[in-house]
Amino acid sequence: MKIVFATNNAHKLQEVRQILGEKFEVLSLSDIGCHEDIPETGQTLQENAYQKAAYVFNRYHLDCFADDTGLEVEALGGAPGVYSARYAAMEQPAAASHDSEANMLRLLRELEGKDNRCARFRTVVALLEHPDRQHYFEGVVQGEITHKRSGAQGFGYDPIFRPEGYDKTFAELGADVKNEISHRARAMKKLADYLLNDKQ
């Protein structure tokens with residue numbers, strides 16, 4: 001089954017291809033010749049995911065899904081949330097968006113002295129097969145923010161997020177474990193179940 005994933009993020013693409021398996025041929029934006037910078041101006045993860053999927057569907061007329069993920073930290077009132085990828089840039093306009101190192105440093109700084117380190121990763125996937133057929137799939141993983149970064153695998157906030165029930169961060173656990181338990185894995189498995197079963 002061929003389907004477009006509205007991303008050019010190599011890490012995400014590899015992760016999703018591993019999660020969905022060989023039954024799906026997952027195409028990236030560059031695979032379909034889409035090199036535009038797709039806007040993400042929504043106020044929620046669902047709005048952003050839909051915006052990206054709709055952009056591709058309306059221009060390329062291909063079944064498409066898109067995701068948006070946020071790290072929601074309890075002691076910060078759910079921040080950075082929908083702004084996770086550009087958290088540092090919001091504080092320092094000169095900082096680059098999607099700068100994982102800068103994002104982690106800001107988050108750790110804001111949690112200094114706080115005992116409550118509870119957090120969760122939440123992913124929302126939007127699937128468009130038709131303008132009137134929109135489907136949403138959510139995945140959540142609970143955990144905590146560590147006091148310092150640990151591990152060299154993964155991306156984003158993985159080196160400072162320890163999932164519930166584990167004594168290692170996502171960046172220490174590695175792709176095989178992360179792809180079984182992560183927020184994105186849980187959302188993508190719901191997507192796969194729909195495409196393979198419910199849709200039939």
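Throughout, numbering of the chain's residues begins at 1 and tracks the sequence.
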Visitor: Kindly determine whether K12 and F5 satisfy side chain to side chain contact (heavy atoms under 4.5 Å, CB included), including the steps that lead there.
Guide: CA-CA 10 Å; K12 275 190 184 183; F5 180 22; 4.2 Å; yes
Visitor: Honestly curious: do Y136 and V56 fall in one hydrophobic cluster under the side-chain, below-4.5 Å linking rule?
Guide: no
Visitor: Using modelled atom types only, decide if a donor and an acceptor are shared between the side chain of R122 and the backbone of H183 within a distance under 3.5 Å.
Guide: no
Visitor: Is there side-chain contact between E112 and L108, with at least one heavy-atom pair below 4.5 Å?
Guide: no
Visitor: Between R117 (side chain only) and I145 (backbone N and O only), is there a donor and an acceptor less than 3.5 Å apart?
Guide: yes
Visitor: I'd like to know if F24 and Y60 are part of one continuous hydrophobic network [Ile/Leu/Val/Met/Phe/Trp/Tyr, side-chain heavy atoms within less than 4.5 Å].
Guide: no
Visitor: Transitively linked via ILVMFWY side-chain contacts under 4.5 Å: V26 with M1?
Guide: yes
Visitor: Indicate yes or no: does K178 engage D158 in a salt bridge with an N to O separation below 4.0 Å.
Guide: yes
Visitor: For a 4.5 angstrom cut-off between non-hydrogen side-chain atoms, does D68 reach E40?
Guide: yes
Visitor: Is it the case that S100 and N103 place a side-chain donor and acceptor less than 3.5 Å from each other?
Guide: no
Visitor: If you define the side chain from C-beta out and look only at heavy atoms, does anything of I19 sit under 4.5 Å from K189?
Guide: yes
Visitor: Find out whether I38 and L29 are in side-chain contact, i.e. whether some heavy atom of one side chain is under 4.5 Å from a heavy atom of the other.
Guide: yes
Visitor: For R120, what residues pass the side-chain hydrogen bond (donor to acceptor under 3.5 Å, both in side chains) criterion, not counting sequence neighbours?
Guide: E72
Visitor: Does the pair E101/R149 count as a salt bridge with the N-to-O cut at 4.0 Å?
Guide: yes
Visitor: Under 30°, 30 to 60°, or over 60°: which ring-plane class applies to F170 and F121, parallel, tilted or perpendicular?
Guide: parallel
Visitor: State plainly whether one hydrophobic cluster holds both L71 and V140, where clusters connect Ile, Leu, Val, Met, Phe, Trp and Tyr through side-chain heavy atoms under 4.5 angstrom apart.
Guide: no
Visitor: Find out whether T44 and V82 are in side-chain contact, i.e. whether some heavy atom of one side chain is under 4.5 Å from a heavy atom of the other.
Guide: no
Visitor: Hey, are T41 and Q51 close enough side-chain-wise for a donor-acceptor pair under 3.5 Å?
Guide: yes
Visitor: Please tell me whether F155 and V125 are part of a single hydrophobic cluster in this structure, the criterion being side-chain heavy atoms less than 4.5 Å apart.
Guide: no
Visitor: Under 4.0 Å between a Lys/Arg side-chain N and an Asp/Glu carboxylate O for K52 and D37?
Guide: no
Visitor: Without hydrogens or angle criteria, can the side chains of T69 and R184 be said to hold a donor-acceptor pair below 3.5 Å?
Guide: yes
Visitor: Do L105 and L107 come close enough that some side-chain heavy atom pair is under 4.5 Å?
Guide: no
Visitor: May I ask you to test the I3-C64 pair for a side-chain heavy-atom distance under 4.5 Å?
Guide: no
Visitor: Please tell me whether H135 and E129 have a donor and an acceptor in their side chains that are separated by less than 3.5 angstrom.
Guide: yes
Visitor: On the six-membered ring of Y55, is R59 placed so that its NZ or CZ lies under 6.0 angstrom from the centre and within 45° of the ring axis?
Guide: yes
